[in-house]
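Notes to accompany the following structure.
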Amino acid sequence: MQNKLKTYLKTTELFLKGSSFYRGIVLTIAVVSPLVIFNAIDLFPFAPALALGTFLNAPSDVPGSLKRKINGILISIILTILVTFIVLVTKPIFAVLLLAIAVLSFAISLISVYGFRASLISFSGLLAIVLALAVEKTDLKSILLHVGLLGIGGLWYLAVSLLSNWLFPRKDDDQLLSDTLSLTGQYLKIRAKLLTKPNKREKFSKKALILQTQISEKHETLRELLLEGRKRSGRSFSNERRLLIFISLVDIFELALANSLDYSKIDSLFGLHKTHLKSFKKMNKVMGNHLITLSELLIKKGELPEMDLLNKTYKNTEKAIQDYVDEVGLPKAREGAITLRNLQDYQKQLLQEVKAIRRVLKKVKDNTKASLKAQDSKQFLTSQEYNFNILLQHFSLKSPMLRHALRLTAAIVFGFLLGSVLDLKNAYWIVLSIVVIMRPNYGLTKERSKNRIIGTIIGAIIATTIILITQNTTVYMVLAVISLTFAFSLIQQSYKAGAAFITLNIVFVYSLIDPNAFLVVQYRVIDTVLGASIAVLANYILFPSWEYKNLDSVIVNVMTSNSNYLEATKKLYHHKEANRLAYKLYRKEAFLAMSNLNAAFQRVTQDPKSKQKESVLIYDIVTLNHTILSAIASIGSYILNHHTTSASEEFDTIIDSISNSLKHAASKLESTKTVAISEEKEIDQAHEKLQKRYEDLSLKRDIAIEAGQTQIDDKALLNLQEAHLISNQLLWLKSLSINLTNVALKYKSVFN
């Protein structure tokens, strides 16, 4: 009980000191201050439009480069002014209004094709339709005044946002770094469980895939924030510190991904000796917890945790290797010992990265890792294209975005018609529920509708209870402001909690205007349920876009990216320094492609069971691609972090064969010209030569042991590790690529 209370208090403290709550306070100040100021100078009638303009243009203010943030808000201001003007002008004629709503909804929805920030601008435009329906302006002069004040409100929000950014310039950076540290820590802990729990591997693997997707998304935002910020304002100690942490996090992620072992081989090697794996499992767990603790320190500050447990746990891994060798005996224990040694080596590198993050948090100047040139860093940024051709490419019923635009338009028009026909009070709330709930994906729409309804009911119950206790308008006013802050703060983290606070805010605001607050609560719940139901039904019935139909291009992209990554790894083995940057760029592309496939698979699992066609087959494709990526990362990570021998001709032959196999599988899915596959005989010979090199080194070591040389020198150990890892990983990769080709052919036959 005490631990639960401690955890709750810590979570609350992190939330109150985090960027989400800070952004909620900033938005509340921006919305409320015009109301207070204009009321004080007896110009209150102008204040609501200013507050609406502030509220409407806040959504696109999300973490990212300052330039994109400013441009996003300015575009949002222009869009919301235009939309509001059109809706208000057409309002007197119901048929024309319906047509205007339909055209605007469709056009605005398609803005989302230009990426995440564009989708938030689109949301502002759709929100402008809803709020314009709530405004009663009949003559042109009052309409022009209203939209003018909306624009000023938007500019006011931009000014407040820039001021808050100037006062606390690194709030978003620290929050994102903290979130990424925490997710990375959780990921290491999941990987630890995979090592010794064979019966739960599928469950933990799925959790790991979800975490990988979340981490990759954070990495993309951090690249934009840190690298764009560095390019704009130059190098500074604070910028470089954050960049150092980010680089270490990327390296930790690659190392963790690279250590996706062949678990069937682990089980056969250590079947009767699983106890020797426990120290390695604990090491991952301890490092994961350490990263989570460091993530908290970025937000709430404080003393760094001690290193004693980390160092002690790492020493225990050395003892575990020796105990295993003593129990099994050489040479029988060699393969298992080398596997454990490779695992320990990986954990040593992880430990070095954790120590690097600690040094940065201690504010020790060490710029060795942040020496990335501006021109090089620019290559790591994912640029968003904004040309008109991108929009044209989506004018096909095959496009999920076009289907979503049509579906959303139909739902909005139907919702507004239904509210008007039933003559419901505040019928635009139905449209509001549709706009905030409806997403291109059925599963997410269903989840949001459920959370929206539950949150609304919770908010309604709390509001009703407070209204029964007191009728004090001052209390209502204070609670309206507080609930507004928490609604803005929580809407991204917990949609259910955010919806509850939105309901509280609306009820208390209306309670200040309309004494019959219970009627407001009643209609709020009814309209939310109606809007949520329409959103879910529309997603299921109108132009449904089931996720399994949209996977081909995502799968092909992963296969192609993995092939490119593999070829970059081959070049890295030949010339490490010359090809280091290119390798990291291809690594980034492969990780992002895999993240997109993971996300797509998660959306498949959210669709109705009847629409999850061949989900087991799709899962096989996801796991095979993920394992291939991990095996490539394992080779690349080893090459980057060790002194290696020269790459052999056999290595090149096998790499080329695997790369061609991946391209061949991709070409089968695309129905394009297939890539020629290398002769199996040639590949088998290359494998035999690589295996013989490892066996020769093993034999040499056996002779040394017989001669009494029980201690192996570092060079011999590294050569054995390298030969073992390269030979085994290539053999595993070859097997995986063959399996993937077979599964891809089966997938092609089922879905085409």
Side-chain angles (χ1 to χ4, degrees), residues 30-31 34 46-62 68-159 161 386-388 390-392 394-395 401-402 404-406 408-409 411-413 415-416 428 431-432 434-436 438:
V31 170
F46 299 109
L50 282 168
L52 276 181
T54 303
F55 174 74
L56 272 175
N57 295 290
S60 60
D61 184 13
V62 290
R68 290 185 185 180
K69 184 181 286 193
I70 293 171
N71 289 342
I73 294 173
L74 289 175
I75 293 167
S76 175
I77 291 168
I78 294 167
L79 179 65
T80 52
I81 286 174
L82 185 63
V83 168
T84 304
F85 178 76
I86 292 170
V87 172
L88 290 178
V89 167
T90 58
K91 216 172 180 183
I93 307 171
F94 189 76
V96 178
L97 174 62
L98 269 183
L99 180 63
I101 290 172
V103 172
L104 286 172
S105 300
F106 179 73
I108 294 167
S109 300
L110 284 177
I111 296 173
S112 298
V113 303
Y114 291 108
F116 178 63
R117 195 180 295 275
S119 71
L120 295 172
I121 294 170
S122 170
F123 177 71
S124 290
L126 293 169
L127 206 56
I129 295 174
V130 178
L131 295 181
L133 292 172
V135 174
E136 294 298 332
K137 302 288 180 186
T138 52
D139 61 289
L140 185 60
K141 185 180 177 181
S142 62
I143 289 171
L144 289 172
L145 178 62
H146 179 76
V147 297
L149 290 169
L150 278 183
I152 294 169
L155 292 172
W156 164 243
Y157 176 75
L158 177 58
S161 176
Y386 293 103
N387 60 61
F388 189 63
I390 291 174
L391 190 61
L392 290 178
H394 284 272
F395 272 90
M401 293 310 299
L402 184 79
H404 172 63
L406 290 169
L408 181 61
T409 301
I412 287 172
V413 171
F416 184 61
Y428 58 87
V431 181
L432 177 62
I434 293 167
V435 167
V436 298
M438 205 158 179

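Numbers here simply count residues along the sequence, with the first being 1.
More than 12 heavy atoms of other shown residues, nucleotides or ligands fall within 6.0 angstrom of atom CZ in Phe106. When the shell of 6.0 Å around CG of Leu144 is examined, it contains more than 12 heavy atoms from other residues, nucleotides or ligands.
Nearest heavy-atom pair across Val89 and Pro92 is O-CD, 3.3 Å. Residues Ile434 and Gly415 approach most closely at CD1-CA, 4.1 Å, considering heavy atoms. Shortest non-hydrogen contact noted between Phe85 and Val147 is N-CG1, 3.8 Å. Annotation for Val413 and Ala102: closest pair CG2-CB, 3.8 Å, computed over non-hydrogen atoms. In terms of heavy atoms, Gly125 sits closest to Val83 at O-CG1, 3.7 Å. Summarising the geometry of Leu88 relative to Ala132, their closest heavy-atom pair is CD2-O, 3.5 Å, with the distance given to 0.1 Å.
At least one side-chain heavy atom of Ile412 sits less than 4.5 Å from a side-chain heavy atom of Leu126. Two residues are said to be in side-chain contact when any heavy atoms from C-beta on lie closer than 4.5 Å; Tyr428 and Ile129 fail this criterion.
Only one option out of Leu150, Leu74, Asn57 pairs with Leu155 in a side-chain contact (heavy atoms from CB on, under 4.5 Å); it is Leu74.
Note that CG of Leu97 and CD1 of Ile93 are 10.0 Å apart. Values are rounded to the nearest 0.5 Å. We find the OG-CG distance between Ser109 and Leu104 to be 10.0 Å, quoted to the nearest 0.5 Å. Rounded to the nearest 0.5 angstrom, Ile75 CD1 and Arg68 CZ are separated by 11.5 Å. Atom CD1 of Ile73 is separated from atom CG of Leu120 by 11.0 Å, given to the nearest 0.5 angstrom. From Leu79, atom CG reaches atom CD1 of Ile111 across 5.0 Å, with rounding to the nearest 0.5 Å.
Under the ring pair (Phe, Tyr, Trp, His ring centres under 6.0 Å) criterion, Phe55 pairs with Phe488, sequence neighbours left out. Shown here are the salt bridge (charged side-chain N to carboxylate O under 4.0 Å, His left out) partners of Lys69, two or more places apart in sequence or in another chain: Asp61, Asp172. Ala107 is linked by a side-chain contact (heavy atoms from CB on, under 4.5 Å) to nothing, counting only residues two or more places apart in sequence or in another chain. Looking at residues two or more places apart in sequence or on another chain, you find a ring pair (Phe, Tyr, Trp, His ring centres under 6.0 Å) between Phe94 and Phe416. Applying the ring pair (Phe, Tyr, Trp, His ring centres under 6.0 Å) criterion to Tyr157, with sequence neighbours excluded, gives no partner residue. Residues forming a side-chain contact (heavy atoms from CB on, under 4.5 Å) with Ser124 (at least two apart in sequence, or on another chain): Pro59, Ser76, Thr80.
With Thr54 contributing its side chain and Gly153 its backbone, the two residues share a donor-acceptor pair below 3.5 Å. The main-chain N or O of Ala118 is never found under 3.5 Å from a side-chain atom of Ser122 such that the two would form a donor-acceptor pair. Between the side chain of Lys91 and the backbone N or O of Leu133 there is at least one donor-acceptor pair closer than 3.5 Å.
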Audit row: Leu432, Leu127, side chain to side chain contact (heavy atoms under 4.5 Å, CB included) steps and yes/no: CA-CA 7 Å; Leu432 177 62; Leu127 206 56; 3.5 Å; yes

Evaluation steps, side chain to side chain contact (heavy atoms under 4.5 Å, CB included), between Leu52 and His146: CA-CA 10 Å; Leu52 276 181; His146 179 76; 4.3 Å; yes

Trace of the side chain to side chain contact (heavy atoms under 4.5 Å, CB included) decision for Phe123 with Val436: CA-CA 8 Å; Phe123 177 71; Val436 298; 3.7 Å; yes

